[in-house]
Amino acid sequence: MPEDKPLTGNMRPDGQALDREAYERAGGYQGLRKALTGMTRAAVIEEVKASNLRGRGGAGFSTGLKWSFVPETVPHPRYVVANGDEMEPGTFKDRLLVERDPHQLVEGMILAGYATGADTGYVFLRGEYKLGAQRVAQAIAEAYGAGYLGKDILHSGYSFELYLHLSAGRYMCGEETGMLNALEGKRANPRAKPPFPPVSGLFGMPTTINNVETLCNVPHIIRNGAAWFRGLSRSKDGGTKLYGASGKVKRPGLWELPMGTTIREILEEHAGGMRDGLRLRGLLPGGASTDFLTGEHLDTPMDFSEVQKAGSRLGTGTMIILDDQTCPVGMVSNLEHFFAQESCGWCTPCWSGLGWVERILRAMEEGRGQPGDMEKLAFQTRFWGSGHTFCALAPGAAEPLQSALKYFRADFEQHINEKRCPWK
Amino acid sequence: MLTPEERAEIEAEFPHYPNRKAVCIDAMKIVQKHRGWLSDDSLKDIGELLGMSAADLDGVATFYNLLFRRPVGRHVIYLCDSVSCWIMGSDRQCSHLTKRLGVAAGETTADGRFTLLPVVCLGACDHAPVMMVDDDTHPDLTPEQIDRILERYP
């Protein structure tokens, strides 16, 4: 395995998935063997804690700490769920992992199950990932066949069942309690918290939910150790990260790089810089629900704390690039349309405010902007803030809008004053 | 009435969940796969097997954009309308499709061949603009390519 790319270094260049034998030849299931034959649950959790692995779904919570929230004494059955509902606009990293190395995810889930004392796991995959679904289903079947899943795995006494759930759509399914409701066959509204899932989750039982990329790191941490994993990174957060870039760069794509690689290196070296004749205007560092950054932030290392210091969030680490020939108001209008459409309708700031903002932005784009719109937009971003809603959808929707009002204020005002979109 | 095939596929999901209600989304996807969409009668059929009312199932189905409570065409086109595709000019692909098919987004062609649905980010943003037709993802779209792709779905 290329030492510096544990997640993607073993993937086949022809686009096919690694099957079980190929995965094993690359060191696969050795971490599981090591854990089940020589490590207690607590030791697995300690190793993951010490690795500084932080959640790759966007929130960046310590994975080891999250696992430790399922106490020894809580009842069974317990569950682990892989969040593969990759619907954050601009994000395309988990697709690669499930399509090309599904056993890596399966092994990560068994290890998460062992660490949290879980009996059953679900891979929750978005419905559109048909190829990923086939390949994960195949990997699960192969893992059962080899005795990595089912009763008494590797004669350790530990048993774990793993199932694939292919979703029926909607962004809300990616919110972890919305996902639990979807798995229970309900509408995917979020739940009021507390209780949190480690105490009362799926079917009311203790549940741990981790992003696909997070889980895929775990087999490597157990096999090679926490110190090795920390050493992959250029930052305090351990490991590598799948970074991506989309928009009008020369080479849009996805790259596994050390955590803490700068925006400049990703954008200029890997994405090849902006297309000829275009200049960088801004970027969303980690999906639709992160604040804009601009050219002045290019030397920011892409890790959780540094991107936060720059005024945004690492999010999913897949950047969306805004160029100077694309209308920033149009881009924000597209984003807020998405959030308004995907609101589940439970919280007033979300269902009411998002729809209102969507209409204001569309009106601006169509030359019907009004004096006072800027104040209305700014008010809404505060109204959607954390603590006013049951989940992170509206707070996430506030991020690109509030930062666009800061960095692209003159563009918004031009739309209102000239009663037109200057880019049309 | 569920066909024996539909029933067998749904029952194969039962061991994966602790109760039958939890199977309902899988069950509706299975029946939709065979019948194209979920009529009131389809919901009744599923409800009988799962011990749920058609109204319960309707409440669940209407949350999810991949469950259809109205008839759709033989092929469903899912055109990404999210941010990366928008930056890469998906508006052009959308107007090309609506013109060529003679329908607005959300509608079905008169011959029942295609339904055109806007959909959120398909997770292939490095190949924007992107659409899916049925189960297949089509990257790096241009209007000319769209024409060629559509020919493959009679």
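In what follows, every chain begins at residue 1, and chains take the letters A, B, ... in the order their sequences are listed.
- Of the possible polar contacts, one joining the A:Asn83 side chain to the A:Gly174 backbone as a donor-acceptor pair under 3.5 Å is found.
- Under the 3.5 Å distance criterion, the side-chain polar atoms of B:Ser84 are left unmatched by any main-chain donor or acceptor of A:Gly247.
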Exercise for the section: Take A:Asp94 and A:Asn211 through the side-chain hydrogen bond (donor to acceptor under 3.5 Å, both in side chains) test and state the conclusion after the steps. Expected result: CA-CA 8 Å; A:Asp94 297 335; A:Asn211 171 261; 3.0 Å; yes

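- The residue among A:Gly127, A:Pro252, A:Pro77 with the most heavy atom pairs within less than 4.5 Å of chain B is A:Pro252.
- Only the side chain of B:Val119 comes within less than 4.5 Å of a heavy atom in chain A; its backbone stays farther off.
- Looking at B:Thr62, the atoms closer than 4.5 Å to chain A (heavy atoms on both sides) sit in the backbone and in the side chain alike.
- Looking at A:Thr207, its side chain does come within 3.5 Å of a backbone N or O of A:Leu202 through a donor-acceptor pair.
- Pairing each heavy atom of A:Leu254 with each of B:Asp126, the nearest pair is N-OD2, 4.4 Å.
- Side chain of A:Lys424 to main chain of A:Glu365: a donor-acceptor pair is present (N/O by atom type, distance under 3.5 Å, no hydrogens or angles).
- Side-chain N or O atoms of A:Glu358 include none that pairs as donor or acceptor with a backbone N or O of A:Ala340 at under 3.5 Å.
- When atom types are taken as modelled, the side chain of B:Thr98 and the backbone of B:Ser95 share a donor-acceptor pair closer than 3.5 angstrom.
- The parts of A:Glu128 that come within reach of chain B are both its backbone and its side chain, each placing non-hydrogen atoms under 4.5 angstrom from that chain.
- Interface remark: A:Gln325 contributes no atoms to any contact with chain B (heavy atom separation under 4.5 Å).
- Among B:Leu57, B:Leu67, B:Val120, the residue making the largest number of heavy-atom pairs under 4.5 Å with chain A is B:Val120.
- A donor-acceptor distance shorter than 3.5 angstrom exists from the side chain of B:Arg113 to the backbone of B:Tyr153, with no hydrogens or angles considered.
- Listed for the B:Arg69 side chain is no donor-acceptor partner under 3.5 Å among the backbone atoms of B:Asp58.
- The pair B:Glu144-B:Arg148 fails the salt-bridge criterion, with no side-chain N (NZ, NE, NH1 or NH2) lying under 4.0 Å from an Asp/Glu carboxylate O.
- Ring-plane geometry between A:Tyr163 and B:His16 is classed as parallel, the angle between the planes falling under 30 degrees on a 0 to 90 degree scale with a further cut at 60.
- Across B:Pro18, B:Ala128, B:Ala61, the residue that shares the most heavy-atom pairs under 4.5 angstrom with chain A is B:Pro18.
- Here the side chain of A:Arg135 pairs no donor or acceptor atom with the backbone of A:Val98 at under 3.5 angstrom.
- In this structure, chain B has a heavy atom under 4.5 Å from the backbone of A:Thr91, while its side chain stays farther away.
- By number of non-hydrogen pairs under 4.5 angstrom with chain B, the leading residue of A:Ser167, A:Gly185, A:Ala168, A:Cys173 is A:Ala168.
- Proximity to chain A (any heavy atom under 4.5 Å) is shown, for B:Ala124, by both the backbone and the side chain.
- With a 4.5 angstrom heavy-atom cutoff, A:Arg95 touches chain B only via side-chain atoms.
- Contact of A:Arg126 with chain B is made through the side chain alone, with heavy-atom distances under 4.5 Å.
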Practice task
Let me see the working for A:Glu184 and A:Arg191 under salt bridge (charged side-chain N to carboxylate O under 4.0 Å, His left out), right down to the final yes or no.
Solution key: CA-CA 13 Å; A:Glu184 291 182 11; A:Arg191 296 177 181 174; 2.8 Å; yes

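- Considering A:Arg275, A:Arg279, A:Met274 as possible partners of A:Asp323, the one that fulfils the side-chain contact (heavy atoms from CB on, under 4.5 Å) test is A:Met274.
- Contact of A:Glu88 with chain B is made through the backbone alone, with heavy-atom distances under 4.5 Å.
- Both the backbone and the side chain of A:Ala182 come within less than 4.5 Å of a heavy atom of chain B.
- Interface with chain B: from residues 327-337 of chain A, residues A:Cys327, A:Gly330, A:Met331, A:Asn334, A:Leu335, A:His337 qualify, criterion being any non-hydrogen pair under 4.5 Å.
- If you measure heavy-atom distances from A:Leu166 to chain B, the contacts under 4.5 Å come from both the backbone and the side chain.
- The contact between B:Asn19 and chain A is made entirely by side chain atoms (from C-beta outward), counting heavy-atom distances below 4.5 Å.
- Judged purely by atom type and a 3.5 angstrom limit, A:Asp324 has no side-chain atom pairing as donor or acceptor with the backbone of A:Arg281.
- With ring centers used as reference points, A:Tyr122 lies under 6.0 Å from B:Tyr17.
- Within residues 25-46 of chain B, the residues having any heavy atom under 4.5 Å from a heavy atom of chain A are, by residue number, B:Ile25, B:Asp26, B:Lys29.
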